[in-house]
Structure formats: C-alpha cells, structure tokens
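Here is the structure we will look at.
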Number of protein chains: 2
Amino acid sequence: MSEKVTIATVARHARVSRQTVSNVLNAPHIVREETRLRVEDAINTLGYRANQAARQMRTGRSRLIAARIEPTRDGINGSVLDRFLHGLTETADAAGYRVLLYTASDDEREISTYDDLLGTYELDAFVLVGTKHGDPRTAWLAERDVPFVTFGRPWDALDAHPWVDVDGAAGTAGATRHLLAAGHRRIAFIGWPAGSGVGDDRRAGWRDALHEAGVDPTGLHRETEDGIAEGERLMRDLLAAVAPTAVVCASDSLALGALQAIRGTDPPVSVIGFDDTPVAAAVGLASISQPLGEAAARCVDLLTGVLDGNHETPTHVLLQPSLALRHTA
Amino acid sequence: MSEKVTIATVARHARVSRQTVSNVLNAPHIVREETRLRVEDAINTLGYRANQAARQMRTGRSRLIAARIEPTRDGINGSVLDRFLHGLTETADAAGYRVLLYTASDDEREISTYDDLLGTYELDAFVLVGTKHGDPRTAWLAERDVPFVTFGRPWDALDAHPWVDVDGAAGTAGATRHLLAAGHRRIAFIGWPAGSGVGDDRRAGWRDALHEAGVDPTGLHRETEDGIAEGERLMRDLLAAVAPTAVVCASDSLALGALQAIRGTDPPVSVIGFDDTPVAAAVGLASISQPLGEAAARCVDLLTGVLDGNHETPTHVLLQPSLALRHTA
DNA sequence: TATCCGAATTGGATCGTTCAAGACGGCGAG
DNA sequence: CTCGCCGTCTTGAACGATCCAATTCGGATA
C-alpha cells in the first residue's frame, strides 16, 4: 500500500477542503448533497478511516469505555460476567465505542487504575459490575464527575448514580409462584447470609410469593456462602428438618448442590436455580434467567445518553428476569 | 482542580524544556541525574501523566492490544477464555499495554473489524485464541505484517507465526500414565472427531501412553461433539462394549457426562477431564490443568518482543499442563 | 447595477507529544 | 590558542484531526 490516507488525502481526491470532509463526517446536514456524495465516494474509494488519536487530541474524547474483568472465582457464576462483557462489547461497538479491560486486586488499586486510565487514555466512561455498601469506587468517580454506570443497584442510595439491574425478587417470586401453581406448598429457599443486597432481594421475592399464597415461610430457608458443597449440605439439612417438596436457590451453584442432595427422592424434589448458567442448561436444571445482553445494552444506552449530553434518558433501569423451565421443575 | 497538566507544565515547574521532560520519560540515560530527579519530582508533585493520544499521534503506536471475546458457547469450557483474558489483561498492564475487546460473528466480519481497529485506533497487536486449518484471519494479518500471537498452534504450519500453546498430548499422556500406575489397564478415551488439531493431539497422548505400557488401545476410544449429554452417551456405550476401568476425556464437559454414566459402578470407574474448569473443581472431578495465566503472560512476552524490535525472543512456546488430582481419579 | 444575506467553503491555529537539528559550555588534543 | 567533540539541553516542526474566523459565491432585494 502507498501513503497513509488522511483527511487531506480525501480532501484532495474530492477537490474540497479538509474542513468539508470533516463536516461530512461530523455534521453532514450542513454540506450540500452533491458535495457530500463526492466526499463519501472518495472516502470509500480510498478506504479512509478517521484517526482516533488525532480526533481525541482535539475533542478530548476517546470513545473508550472501561470494564473490569475479575479473576474467575467460581466458573459457574463467573460465566455471568463473561456473557455481560460480550454483550457490552457488542452494543458499545454499535454505538461507536470500544471496551477496554482492566483488573485490580483491591479497591485502592482499582481507584488508582481509574486515575491512570483517565489521565493517560482519557476514558469516556466506566462500567462497574456489582457494588458494595458504601463503595469507595463509585464515590471516587462521582466526586470527579466521571460518567459511569453500574450493573447492580447501589442498595444504600438508589439515586446515587445511574444503574441497570435485574429484578431478582421478581425472579424468585415468579419461580415460587410457578411451584405453587404446580401444587407445591413446602417450598424452601437456599440463599446467602443477610446483608448482601442481591441475596436479600432474592430471598424477599420468595418470601413475598409464599405470603401472597398464604404459606408461612418460617423454617423453610437456609443461608450460606455460595458453592456447590454448601448447597448440598443445606439441602440435606432442609430435607431432614422440614422435608420440602421444592426449593428455590439464590444461585446455580447452590442449586447444583441441592440437586445432588435430593438425588433419589420420590417424588423428586423440584429445584430452581438462579442465573441460568450454561452448566444449568447442560444438566437440565431449571433456572431464573437474567437478560444479560439487554442489561449490557441498557448500560451502553445510559452511558451514551450521558456522554452525548442527553439528559432526557432515565438513569435507572430494572429489567425482568425470566424462568427457564427444565426437567428439575 | 486547575488546568490540565501537560508536559509543558512539568517543564515550567522543573525549569527545563519540554524535550527534557520527554527524555526523562523515554530515554532517562541521556539526562543528567540532577536534572532527571528535578523533573521526576515535578512529575510526582503535579501528578502528570503522559497523554496517550498525543504520544500515539507522534509515534504511531497505541499501546493497545486487541483480543476477541466470544459468545459463551458452553459455560464449562467458556471459563477458559475468561481466565485467559484475565491473565492477558494483567500481564499486558504490567508491560504497559492495555487490552481492547472486540467481537465478530464470522471470519469475514472479524477481518473487517481488524481493518477498522487498525485504521482508527492503530492497534499494536492482536491476540487470537484458537485457529482453524487455513485460517483466513491469520493469513490476512500476516500479509499486512500486523503483529499477532495465537493461543493455540497453527496445526498446518508450525512456523507460520508466533504462538503459545499447551501441550495437550503431554497432558493426556500424563493422566493416562497416572491411571496405569494405579493399576488400570482398560483406560478409555472420549474425544472429538478427528480433524481438529487440539482433539487429535489430546487423543495421541493417551494412545502413546498406552502403547508405551504395552496396552492395545483398539476399541477403547469414542468420538463426539463436545457436551455433557454426549459424554454420558459415549460412556454408557463404552461401559457396555469394553467395560473400561478408567477414562480420560478431551474436555470437562465430556468428563462430567461420563461421571453421570458411571454412577454406581463398583469399583468406581476413574474419570479425568481436561481444562480444570471451576465446575470440575466443584464436583471433585480430576482434570488436566492448563497454565492459562502463564500462557497469557507468554503471549504478551512474544508480542512485546516483536513490538520492541527484539528478535532474539523465541516465537513458539509450548507449555506443560499439570494434573489436578481429585476424588474421581 | 449595487448591495446585502446566508449557506458553503477555506485557511490558519490548536491539541500534547516526539523527532530532528542545533546551541552551549567544558575538555582534551594538536 | 584553536578546533572539534561530547554530553546536555533547547528550539522549531510535525503527527491528523477539529474549531474558529474569514472568505467566496449565488441569488434576492432595493
């Protein structure tokens, strides 16, 4: 190939000035149609692509979004992040943004990474997955007016910043109602210790659905850290204590454990997991499915809304999960 | 906050010229120590960070590496990509590079994405995970002298381009030898249809280890597409046909299926999977473990070697897997 | 016919960095 | 003493895009 194709090359080829080419790209409506077509033609013929670095230097915007990739803790639930990232990349691409990855081992380092990314790469925005109570990261970003969205509600202050989340309570409530409709009454719940917003939310959905049906949930739930072994242990405990006929779990890991515990029961105890991970699909575990692709898309929507100065867009999005029915329910 | 801190700000503050500051950053050895310290001091005091866009415009290098994130097919093996990406991000970071994500639904689009990424972002290099026979993507990149590394050997021409891979044959051979040492003789293998380099490699390791021990592998192997159900089906078939006492599988998905098929056998049939996914760890499945973090690190090494013009570095790296022993073996 | 108007186009300046070339002082050799 | 060299530092130009102000041009108006 010959020389690098710049805006000047295109301008010469279309016999117009650089500025006109720039206008065709950034403000097509102010260019006469005939001229515009000639320029567009030259762009295609020459295979011109606007140099992002030069554009960024002038405009101060990089069209880059940062997302964190975490060390895989538990591959079962880890695939959630994986799928979310994929969706994010796809939607961001369509909106003209690219996704840059970063990692950090703790909050302090993560914040110093923000500083670095903002300083050297002039990132346009951040996407955080999951936040804690009193998260120092969101505080840092908000303080500096850096655009960001979280996937996951800030449980302590819902209006603190834009977020996208999936209504976990609605998911577990729906699953519970499905089981109630199938005739179950002793429907147990295995979840996480109180205090995590997500876990409490999921438990609340189950409890509300039972109340709604006039069933007393007392004694029907157990709490533990996430994990297959933990799920199995608690399910055995439940079987011995209250002999539930069905169980809703806060994660697929817990549900897989429960599945191992109920093996051989007759009639089979129904099990419903959460996240609809590929493992659940593989073993036929019914599970509550989060619309991760859509969640990612709405994150990008929110960000572009902020970045393009459109303050009309809502800043909070709560999506509804669906129930993936399989032979365990 | 005040003005943006540029190299000129630092220069004024340290009472030197812009170029001297630039030299402190890029060629410290040509600056007198006293001056260097004064400049470094100013940099720290002011919190200066070199603007990547400006640097890129001058040097033509973006310090950005592209990696593809694929739609999760099978969450069990999908976590491999996940872990690899994490390692890549971490090591690239340490080497002063950042990882940019992209997706593409087919080869043609992927190539056009390359074109776009190179044209607009001036990417420094690509990391491809897995290649096919006669891969059009590597051909395209090689033709244009774009630096890239693949994680996975190009099976048809080992010298075609730099790669990092894990010795699958050594992994299955090691697993097979472990089983032989435990007294097993009828050690089966469940793998993928001939033709995929990875699958053939893994099968060869098992076959060689058996030959080495004087065991005839005839009839002891089965081939199928990847998946839990497929693994279960083939394992039942093997049990009925040749009653193996152990089985080595080409993936954890197949091994999980095999595990379901052998339930209740006495003495228990040993099962060893491949990839040591978190699911394997969770259910206690023995599995061959790929050093993904190291693989990612070596990919970055190879790339920086090429990018920094160091042609001394080897261009092919073959890493040894290890055997994660758990109660299924 | 002269004047004015607004749409379309033009040239110059600018963003922050690195490259290329040159300036400056001190030192040793001729 | 002069010359050239070396180490150190400075100055001007360039990368490729966008912003800004100025200019051209065709057509409408007086």
Side-chain angles (χ1 to χ4, degrees), chain A residues 2-40 42-43 46-64 96 118-124 308, chain B residues 2-40 42-43 46-64 96 116 118-124 308-309:
Chain A
S2 54
E3 300 292 296
K4 200 180 290 183
V5 179
T6 78
I7 209 169
T9 322
V10 176
R12 259 195 314 277
H13 193 272
R15 299 184 311 281
V16 293
S17 68
R18 291 162 306 162
Q19 181 61 27
T20 302
V21 178
S22 176
N23 285 337
V24 169
L25 295 172
N26 303 310
H29 57 279
I30 69 163
V31 179
R32 185 158 34 120
E33 173 148 8
E34 183 199 319
T35 315
R36 207 194 68 226
L37 292 174
R38 201 168 71 235
V39 172
E40 281 169 351
I43 288 176
L46 298 168
Y48 167 76
R49 304 191 119 93
N51 181 309
Q52 174 56 31
R55 172 175 286 179
Q56 177 180 343
M57 183 145 51
R58 198 74 186 92
T59 63
R61 292 182 45 180
S62 61
R63 303 201 74 81
L64 244 37
L118 288 169
T120 52
Y121 288 88
E122 298 181 295
L123 267 112
D124 285 347
D308 300 344
Chain B
S2 55
E3 299 292 296
K4 201 179 289 183
V5 179
T6 78
I7 210 171
T9 322
V10 177
R12 257 195 315 276
H13 194 273
R15 297 182 315 280
V16 293
S17 69
R18 289 162 308 164
Q19 184 60 31
T20 302
V21 178
S22 176
N23 286 337
V24 168
L25 295 171
N26 303 309
H29 57 279
I30 68 164
V31 179
R32 184 159 35 120
E33 173 149 8
E34 182 199 320
T35 315
R36 208 195 66 223
L37 292 175
R38 202 169 69 234
V39 171
E40 281 169 351
I43 289 177
L46 297 168
Y48 166 76
R49 304 191 119 93
N51 181 308
Q52 175 54 30
R55 171 175 286 180
Q56 176 180 345
M57 181 145 61
R58 197 70 184 100
T59 62
R61 292 183 45 182
S62 60
R63 303 200 76 82
L64 244 36
D116 192 37
L118 288 170
T120 47
Y121 287 89
E122 299 180 293
L123 267 112
D124 285 347
D308 299 344

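A, B, ... follow the sequence lines: proteins, then strands. Residue 1 opens every chain.
- Rounded to whole Å, atom P of C:dT10 lies 11 Å from atom CZ of A:Arg15.
- Residues A:Tyr121 and A:Ser62 approach most closely at O-CB, 3.4 Å, considering heavy atoms.
- Looking only at side-chain heavy atoms (C-beta outward), B:Leu118 and B:Leu123 come within less than 4.5 Å of each other.
- The shortest distance between side-chain heavy atoms of B:Gln52 and A:Gln56 does not fall below 4.5 Å.
- Looking only at distances, no side-chain donor or acceptor of B:Ser22 sits under 3.5 Å from a matching main-chain atom of B:Arg18.
- End-to-end axis angle of the helix from C:dT1-D:dA30 to C:dG30-D:dC1, using five pairs per end and rounding to 10°, comes to 70°.
- Among residues two or more places apart in sequence or in another chain, the salt bridge (Lys or Arg N to Asp or Glu O under 4.0 Å) test is passed with A:Arg36 by A:Glu40.
- Read 5' to 3', the first and last nucleotides of DNA chain D with an atom closer than 4.0 Å to a heavy atom of chain A are D:dG16 to D:dC20.
- By the salt bridge (Lys or Arg N to Asp or Glu O under 4.0 Å) test, B:Arg12 pairs with no residue at all, sequence neighbours left out.
- Residue contacts for B:Ala53: at a heavy-atom cut-off of 4.0 Å it reaches no nucleic acid atom on any strand shown.
- Rounded to a whole Å, the CG atom of B:Leu25 is 12 Å from the C1' atom of C:dG16.
- B:Asp116 is linked by a side chain to side chain donor-acceptor pair (under 3.5 Å) to A:Arg49, A:Arg98, counting only residues two or more places apart in sequence or in another chain.
- The residue B:Thr6 sits close only to the backbone: its heavy atoms come under 4.0 Å of sugar-phosphate atoms, none of a base.
- Applying the side chain to side chain contact (heavy atoms under 4.5 Å, CB included) rule to A:Leu46 yields the partners A:Val5, A:Thr9, A:Val10, A:His13; only residues at least two apart in sequence or on another chain are considered.
- B:Arg32 pairs by the salt bridge (Lys or Arg N to Asp or Glu O under 4.0 Å) definition with B:Glu34, not counting sequence neighbours.
- The side chain to side chain contact (heavy atoms under 4.5 Å, CB included) search around A:Asn23 returns A:Gln19, A:Ile30, A:Val31, not counting sequence neighbours.
- Residues that satisfy the side chain to side chain donor-acceptor pair (under 3.5 Å) test with B:Thr20, not counting sequence neighbours, are B:Ser17.
- Applying the side chain to side chain donor-acceptor pair (under 3.5 Å) rule to A:Thr120 yields no partners; only residues at least two apart in sequence or on another chain are considered.
- Taking atom CG of residue B:Asn23 and atom C1' of nucleotide C:dT17, one finds them 12 Å apart after rounding to whole Å.
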Taking only N/O atoms, report every protein-nucleotides 19-22 of chain C pair under 3.5 Å with atom names and distance.
| residue | atom | partner | partner atom | Å |
| --- | --- | --- | --- | --- |
| C:dC19 | O4' | B:Arg58 | NH2 | 3.2 |
| C:dC19 | N4 | B:Gln19 | OE1 | 2.4 |

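- A donor-acceptor pair under 3.5 Å is formed between the side chain of B:Arg38 and the backbone N or O of B:Ala14.
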Between N or O atoms, less than 3.5 Å apart, protein on one side and nucleotides 6-8 of chain C on the other: list the pairs.
| residue | atom | partner | partner atom | Å |
| --- | --- | --- | --- | --- |
| C:dA8 | OP2 | A:Ile30 | O | 3.3 |

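- For B:Asn51 and C:dT14, the CG to C1' distance is 14 Å, given to the nearest whole Å.
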